[in-house]
Amino acid sequence: MPFPARSVCLAIGLLLAGPARAGDGLAGDGDTLGSPHRGGTLRLTAASSGGTVDPQINYTSKYAQLFAVLYDGLLASRKADDDSSDDVVPDLAESVPVAEDGGRTWRMVLRRGVRFSTGREVTVADVAASFRRLFQVGSPTAGSFYGAIIGADACLRDPARCTLQGGLEVDAATRAVTFHLSRPDAEFPQKLTFPHAAILPADTPVRDLGNVPAPTTGPYMFASYDPDRGMLLVRNPYFHVWSPGAQPDGYADRIQYDFGLPDEAEVTAVENGQYDWMFDMKPLDRLGELGGRHTAQVHIRPLYGLYYVPMNVNIPPFDNPLARQAVNFAMDRRAMAILYGGTAVATPLCRMVPPGLPGALADCAYTAGGNSDHPLPSWRAPDLDRARRLVAQSGTAGQKVTVVVLNTAVDLSMGVWLRNMLQSLGYDASVKPMAESVQFGYVQNTANHVQISVRDWFADYPSASNFLDDLFGCENFHPGTDNSINISGYCNVAAQAAMDAAKQETDPARAAMLWTEAERTIDRDSPAVPTIRINYIDFVSRRLGHYFYTNLYHMIFSQVWVQ
């Protein structure tokens, strides 16, 4: 398909010269009481809902961003509009724990006086029940993030009988919470910051909550939720600021989040002031307009994020490694960058760990003139001739292949491009677009026989493990479920051994070497195609002030002004 005119790419480049960041606007204790900016309704829009509102099950960036102002864990990522947002800070725990026993023991004390939105105080019994529930409901990260807790293996085998005996100790009198791990885990504090580790009431049902929200601890709570129409968040009357870095008070009184507008209409609605912010990718044909007419309303920020193309290694044609390598060689990463919005917001990516994270590799094997034994310093161009030879050698030419993508303008354009490329390699390829509320679960479930798809992925915390172990770890492949984040169904014993060793390594330099070793093994097997590293493009209304962004959860809804 033809690529957009260069003028569009140049226009989006103008967005990089956006306004400087505002000051924090908060009192020293994180409370917004008395601020002239407190009040009003923040109006958000998205094309569709993000699925279940169960914070221990939902694994979408859309709802992780939402959960950041609704729920709390023992620890949190700092809510700061700079790189210190990567830092781990105490949340429901009084302090960040120090590793004991070489990273096998982590001790904390639960704060007093924190209440759920029902008015009941948070207790250590809620903490214990919440971590058992992770396994009982089949949280997508139960094994990869929390599988080192003693007793987790038994919980993974028999969730209904999960006790975590010997792995989680709580003391009601002292409010002590102690985790005992079967192996060292230097990243355990970071894993406790993720929304799946949110502390919920002990009597929360042990099943996917679906459309029935759990009580919250953050500055907001659910007033209503309809996955077909939207949700309303209002102030949690029992909230008070106990840790300004983890959970500051909110400015807006209400957050109205509506679903149903397509991305093109979302842009127009924000331009017209009907909404203050839109979730979905900004369509390519609107970027020049935004850069030229609404520069002050557009924010481009760095992101630990990428687009990639997972291939199912267990069904034809991509159960053949030559077919997978062919797709990798044929991928025009520059074209994908243009389809996303141009070089100002996306760059070609050859590796599954984005630059800036420990263990990331900068070289490229799947490019014209390169290979796994002799990678080049960077991606140059696709190698279609080599790709066609690999398809011929694999004997898979002529097979039917369906590309499953989101039905947004950006993702669909990428899917159409991928379909055309697969056809040029000799496959009988087609595209199947789906709504966001169903596509992510659909491509994970082996029962749907998805061969290849297009997905974006964002870090849960700043580590290579989020891109390697999460997406290709053996423990993250769960056939027949919508919670199998290892979409490729890939499992390599050598790669897993390197990843397991990296997760246990307390020496950062040694851990980075192990992640590099794992990535090279995965790269040779080619279960997926990394395509582009992306920046985050936000478009907000004229009335929204104090734009506030963190590396992991993007715009923080509690910290922006609408009054």
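Index from 1, following the sequence.
In terms of modelled atom types and a separation under 3.5 Å, the side chain of S463 and the main chain of N466 share no donor-acceptor contact. Listed for the N320 side chain is a donor-acceptor partner under 3.5 Å among the backbone atoms of S394. A distance-only check finds no donor-acceptor pair linking the side chain of R324 to the backbone of N312 [under 3.5 Å].
Between S484 and D482 there is no side-chain heavy-atom pair separated by less than 4.5 Å. Considering only heavy atoms from C-beta on, Y225 stays 4.5 Å or farther from V212 through its side chain. In this structure, L303 and N551 have side chains that are not in contact, with every pair of non-hydrogen atoms separated by 4.5 Å or more. Counting only heavy atoms from C-beta outward, the side chains of I485 and Q444 approach each other to under 4.5 Å. Within the 4.5 Å cutoff, the side chain of W457 has heavy atoms near those of the F467 side chain. In this structure, the side chains of P310 and S488 come closer than 4.5 Å at one or more pairs of heavy atoms.
Across every non-hydrogen atom of L209 and A214, the tightest pair is CD1-CB, 3.7 Å. Heavy-atom minimum distance, W515 versus G359: CB-CA, 4.4 Å. Contact record, M278 with V267: SD-CG2, 3.6 Å, taken as the closest heavy-atom pair. For T347 against T343, the heavy-atom pair with the smallest separation is CG2-O, 4.2 Å. Closest non-hydrogen pair, R543 versus V562, comes out as NH1-O, 3.2 Å. Heavy-atom minimum distance, G473 versus N486: O-ND2, 3.0 Å.
E271 and R542 are not joined by a salt bridge, as no carboxylate oxygen comes within less than 4.0 angstrom of a charged side-chain nitrogen. For D363 and R520, the salt-bridge test passes: some basic side-chain N is under 4.0 Å from an acidic carboxylate O. Taking a cutoff of 4.0 Å between a charged side-chain nitrogen and a carboxylate oxygen, K282 and D263 do not qualify as a salt bridge. A salt bridge links D523 with R351: the distance from a Lys NZ or Arg NE/NH1/NH2 to an Asp or Glu carboxylate oxygen falls below 4.0 Å. A salt bridge is defined here as a Lys NZ or Arg NE, NH1 or NH2 lying under 4.0 Å from an Asp or Glu carboxylate O, and D81 with R301 meets this definition.
Outside the 6.0 Å centre-distance limit, the rings of Y442 and F440 are not counted as a close aromatic pair. A ring-centre distance under 6.0 Å is not found for Y549 and H299. The aromatic ring centres of Y59 and H196 sit less than 6.0 Å apart. Here the two rings, on F557 and W277, have centers that are under 6.0 Å apart.
The aromatic rings of Y257 and F259 sit tilted relative to each other, their planes meeting at an angle between 30° and 60°.
Side chain to side chain, Q256 and T41 fail the donor-acceptor criterion of an N or O pair below 3.5 Å. A donor atom on one side chain and an acceptor atom on the other are found under 3.5 Å apart for S541 and D276. Looking only at atom types and distance, the side chain of D525 has a donor-acceptor partner in the side chain of N492 under 3.5 Å away. Residues D87 and S84 have side chains that never bring a donor and an acceptor to within less than 3.5 angstrom of each other. No side-chain donor-acceptor contact under 3.5 Å links R524 and Q325. Side-chain contact, T268 with R286: a donor N or O sits under 3.5 Å from an acceptor N or O. Defined by atom type and a distance below 3.5 Å, a donor-acceptor pair is missing between the side-chain atoms of N483 and T481.
Remark: S413 OG to M281 CE distance equals 11.0 Å, nearest 0.5 Å. To the nearest 0.5 Å, the span separating OH on Y490 from CZ on F472 amounts to 8.5 Å. Here CG of L412 is found 9.5 Å from CG of L406. Values are rounded to the nearest 0.5 Å.
Geometric assessment of K62 against the ring of F279 yields a positive cation-pi assignment under the 6.0 Å and 45° thresholds.
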Using ring pair (Phe, Tyr, Trp, His ring centres under 6.0 Å), reason through Y461 and F145 one step at a time and then give a plain yes or no. CA-CA 11 Å; Y461 56 87; F145 280 18; 5.6 Å; yes
Salt bridge (Lys or Arg N to Asp or Glu O under 4.0 Å) assessment of R229 paired with D258: CA-CA 6 Å; R229 301 185 64 181; D258 293 336; over 6 Å; no
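Just one residue in the list I487, T402, V309, V405 forms a side chain to side chain contact (heavy atoms under 4.5 Å, CB included) with I452, and that residue is V309. Screening M414, M336, R333, R533 for a side chain to side chain contact (heavy atoms under 4.5 Å, CB included) with Y307, the sole residue that qualifies is M414.
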